[in-house]
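These notes are about the structure you will find just below.
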Protein chains: 2
Amino acid sequence: MNSESKTTRLIRQTFKDFLVSKGLRITNQRLAILDAAYDCSDHFTAEDLLERSREIDSSVSRATVYRALPILIESKLIRQVDVGLEHKFYMANRNANTFQAQVICSDCEKIFEIDAPFMDWYGKTVADKLALHVESQRLQVTAHCDELKVAGVCKRKC
Amino acid sequence: MNSESKTTRLIRQTFKDFLVSKGLRITNQRLAILDAAYDCSDHFTAEDLLERSREIDSSVSRATVYRALPILIESKLIRQVDVGLEHKFYMANRNANTFQAQVICSDCEKIFEIDAPFMDWYGKTVADKLALHVESQRLQVTAHCDELKVAGVCKRKC
DNA sequence: GTGCTTGCAAAGACTTTGCAAACTT
DNA sequence: AAGTTTGCAAAGTCTTTGCAAGCAC
């Protein structure tokens with residue numbers, strides 16, 4: 001049972017604990033939205049999330065998705081990935097500890113998440129200069145696909 | 001005459017050349033919008049730009065600002081600075097050659113632009129791993145103001 | 001039962017677009 | 001004169017909000 005794996009249960013429990021700790025209620029819609037988010041291996045938009053949530057619980061409405069997103073972000077179970085494209089993206093926060101950078105292919109608009117531990121140190125150094133305390137950092141690299149330019153196709157489904 | 005400085009003339013000429021090279025027309029509104037953008041030492045939103053443009057040429061409309069922004073960005077005279085705050089920001093591209101990072105104060109939402117030449121190397125290295133060719137990079141550090149937390153005030157007008 | 005949550009539809013915020021008049025070339 | 005560009009207002013897109021009914025506790 002994929003939906004009952006050990007990890008899934010742990011994630012759900014974390015979310016439930018978070019809701020309780022905030023005096024919020026555990027609802028089927030919120031759980032469906034959480035599961036839908038973790039069902040995506042990739043980045044997703046609010047609209048994607050609505051669609052996937054509805055496959056799990058058809059009663060989920062757009063409003064509920066938009067209301068759930070800030071909660072999921074605050075709980076650190078998902079994070080916002082704003083890459084300056086048309087839409088805002090989100091993704092499940094599977095490895096919250098390493099600093100992640102995004103490489104965005106401008107040909108196919110695919111977003112790659114990569115570890116960039118060095119950034120962490122650098123960002124802190126930079127903020128120290130301004131006497132600010134770092135909360136979060138983002139490194140985004142926009143790039144185009146060499147393969148696509150040459151061969152007209154990109155192996156990574158660009 | 002501030003509006004007739006050497007730099008200003010150079011910028012205007014660059015823009016005019018760009019327009020001509022694209023078969024677009026040189027209009028007072030477009031020039032007003034360009035001047036307004038370079039009149040800001042800081043980041044600005046589309047709405048800010050409308051307001052400032054109208055001080056130069058009161059006939060500038062919101063639609064024209066929105067139509068001019070992509071042209072100004074394509075000409076590299078301004079660039080978009082998307083920091084994931086409420087609005088999209090833009091800024092004059094005064095030093096296009098150095099990689100810029102943004103440090104965003106989450107207390108006052110002020111945005112500091114800093115040089116981060118090392119990022120450039122790092123971003124390229126990272127993109128090379130994926131066989132992509134770097135177009136642009138952004139490093140954004142969100143931080144909060146220590147002074148504000150302690151003293152309730154921030155010298156840099158946080 | 002109490003009061004947080006929900007879905008719906010309407011409202012909001014920001015941006016884009018259709019059209020006739022005005023302007024650049 | 002020919003064809004772009006403009007301002008206006010309307011339409012779009014994405015997101016938020018008000019409200020009464022429904023649900024978790």
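What you see is a predicted model, and the numbers here were worked out from it, not measured in a lab.
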Close side-chain approach of Leu19(B) and Thr27(B), heavy atoms under 4.5 Å: no
Lys/Arg-Asp/Glu bridge criterion (N-O < 4.0 Å) met for Arg52(B), Asp35(B): no
Euclidean distance, atom [atom1] of residue [X] to atom [atom2] of [N] [Å, nearest integer]:
X	N	atom1	atom2	value
Tyr66(A)	dT13(D)	OH	C1'	9 Å
Phe15(B)	dT24(C)	CZ	C1'	14 Å
Leu31(B)	dT6(D)	CG	C1'	14 Å
Leu19(A)	dC4(C)	CG	C1'	12 Å
Lys22(B)	dT5(D)	NZ	C1'	18 Å
Glu47(A)	dG12(D)	CD	C1'	14 Å
Leu69(A)	dT15(D)	CG	P	9 Å
Asp48(A)	dT15(D)	CG	P	11 Å

Nucleotide of dT15(D), dC8(D), dT6(C) approaching Arg62(A) most closely (side-chain heavy atoms): dT15(D)
Given DNA chain C, 5'-ward residue of the pair Ala63(B) and Gly23(A), judged by closest heavy atom: Gly23(A)
Sugar-phosphate only, base, or nothing, as touched by Arg67(A) at under 4.0 Å among non-hydrogen atoms: base
List every contact pair, protein side and nucleotides 21-25 of chain D side both N or O, where the distance is under 3.5 Å.
unit_1  : atom_1 : unit_2   : atom_2 : d
dA24(D) : N3     : Arg25(A) : NH1    : 3.2

Criterion salt bridge (Lys or Arg N to Asp or Glu O under 4.0 Å) against Glu47(B), the qualifying member of Arg54(B), Lys88(B), Arg62(B): Arg62(B)
Donor-acceptor pair between Asp48(B) and Thr45(B) side chains, under 3.5 angstrom: yes
Pair Ile78(B)-Leu69(B), side chain to side chain contact (heavy atoms under 4.5 Å, CB included): steps then yes or no: CA-CA 8 Å; Ile78(B) 71 169; Leu69(B) 279 169; 3.6 Å; yes
Tyr38(A) side-chain N/O to Leu77(A) backbone N/O, donor-acceptor pair under 3.5 Å: yes
CG on Leu24(A) to OG on Ser75(A), rounded to 0.5 Å: 10.5 Å
